[in-house]
Amino acid sequence: MTTHDTDTPETGITPGGTSGAFRDVLSKDHARRGKPPLHFVDMTPEERIAKATELGLPKFRVKQLANHYYGHFDVNAAEFTDFPAAKRAEAAETFFPQLITEVTRQVADQGTTIKTLWKLFDGSLIESVLMRYPTRTTLCISSQVGCGMGCPFCATGKLGLTRNMSAGEIVEQVRVAAKMMRDGEVAGGEGRLSNIVFMGMGEPMGNYKSVLSAVRQISSMPPEGFGISARNITVSTVGVVPGIKKLTAEGIPVRLAVSLHAPSDELRDELVPMNKRFNTTQVLDAAHDYWLASKRRVSIEYALMRGINDQAEHARLLAKRLNHYGDNWAHVNPIPLNPIEGSKWTASKPEDEQRFLEILHDAGITATLRDTRGQDIDGACGQLAAKER
């Protein structure tokens, strides 16, 4: 069995099960995948000009459309007063097909956390979470429908992989959130979307081509992108080593986050099935190479689970593994586990969380306990299951 057909965007994962112990976990809907409508975001500059020519429009009109989309977060061509009235509807249909449709919006943390459930063209469901803090506003976005990594403590992992998302579907999550912030739809009044984390549904390295296209368009200045600094974009992975290496070679200063969750192969094999393909040494070596190339400290994500990976021995081994490289290259984010329905794993005791942090700090490792925003709306790390309520 291969896990990716020819219509699937380029992936950082080799076909599951054919050259290693890991096999992508597929959802029952995997076989019915189709291609989303082609959107402005998915087109090359040449393709945009060719489409405009088909509509009888000169190429400068493409720049106008880009200004509306990236500069004003606007796809309502009927109101583009600088655009020929007779061509507005046609341009909207050609360049801005509706890729994501809001199903529900849940609010937590006094209106500063908003989880949105989106329906895609094929009826698939994904989620994004917008979180406003005093000094920044972060959007957590999805890059796949479901996830094929199969981590047993994660709600998204239990869904299996339905399909990769297009760059347009990914970027549209950002455009809508940026517009919400600008228009004052989030508690705290008008503001600006400042940070993007690829930590929603899916394994970003499993949809490498679309994710990289999205990163470039999020970080480019208008009219090529939204102008959100690449330094404020985080791309996460459970440890898909070829993807980490490709990202290293790109030279884009995004932050890399590695979901490690265990300091030894024996334990990580149980918690992160991908470890059977790329073990902890391979993953940490690739992550450290990213630091050497980018000089951007790597985030080590570590979900603390009671009695499983949160004891002093685990903290000491984690510190030893990270300090092996001899430089201050990693920042550990211990994350209090967000329990999911039916899971045998529960959150660590507060005293164990504190001891874990103290051991890392004593070993000279920078570590910060992650804020669990949106837990009461199942919007926190590992809780996104795209359920209609």
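- Sorted by first and then second residue, the side-chain hydrogen bond (donor to acceptor under 3.5 Å, both in side chains) pairs involving residues 82-95 (not counting sequence neighbours) are His68-Asp82.
- Sequence neighbours left out, not one pair with a member in residues 302-325 passes salt bridge (Lys or Arg N to Asp or Glu O under 4.0 Å).
- The hydrophobic cluster containing Val332 does not contain Leu317, counting ILVMFWY residues as joined when their side-chain heavy atoms lie under 4.5 angstrom apart, directly or transitively.
- Both Leu38 and Phe40 are assigned to one and the same hydrophobic cluster, defined by single-linkage of ILVMFWY side chains at heavy-atom distances under 4.5 Å.
- Around CD of Glu266, the count of heavy atoms belonging to other residues, nucleotides or ligands within 6.0 Å does not exceed 12.
- Sequence neighbours left out, not one pair with a member in residues 166-187 passes ring pair (Phe, Tyr, Trp, His ring centres under 6.0 Å).
- For the pair Arg296 and Tyr290, the cation-pi criterion (under 6.0 Å, within 45° of the ring axis) is not fulfilled.
- Hydrophobic clustering (ILVMFWY, side-chain heavy atoms < 4.5 Å, transitive): Ile359 and Phe356 are in distinct clusters.
- At least one test fails for Arg48 against the ring of Phe95: distance under 6.0 Å to the centre or angle within 45° of the axis.
- Nearest heavy-atom pair across Phe198 and Ala214 is CZ-CB, 4.3 Å.
- For Asp327, the side-chain hydrogen bond (donor to acceptor under 3.5 Å, both in side chains) partners at least two apart in sequence or on another chain are His288, Trp291.
- Applying the ring pair (Phe, Tyr, Trp, His ring centres under 6.0 Å) test to pairs two or more places apart or on separate chains, those with a residue in residues 233-261 are Phe153-His261.
- Under the ring pair (Phe, Tyr, Trp, His ring centres under 6.0 Å) criterion, His39 pairs with Tyr69, Phe96, not counting sequence neighbours.
- Within 6.0 Å of the CD atom in Glu102, the count of heavy atoms belonging to other residues, nucleotides or ligands exceeds 12.
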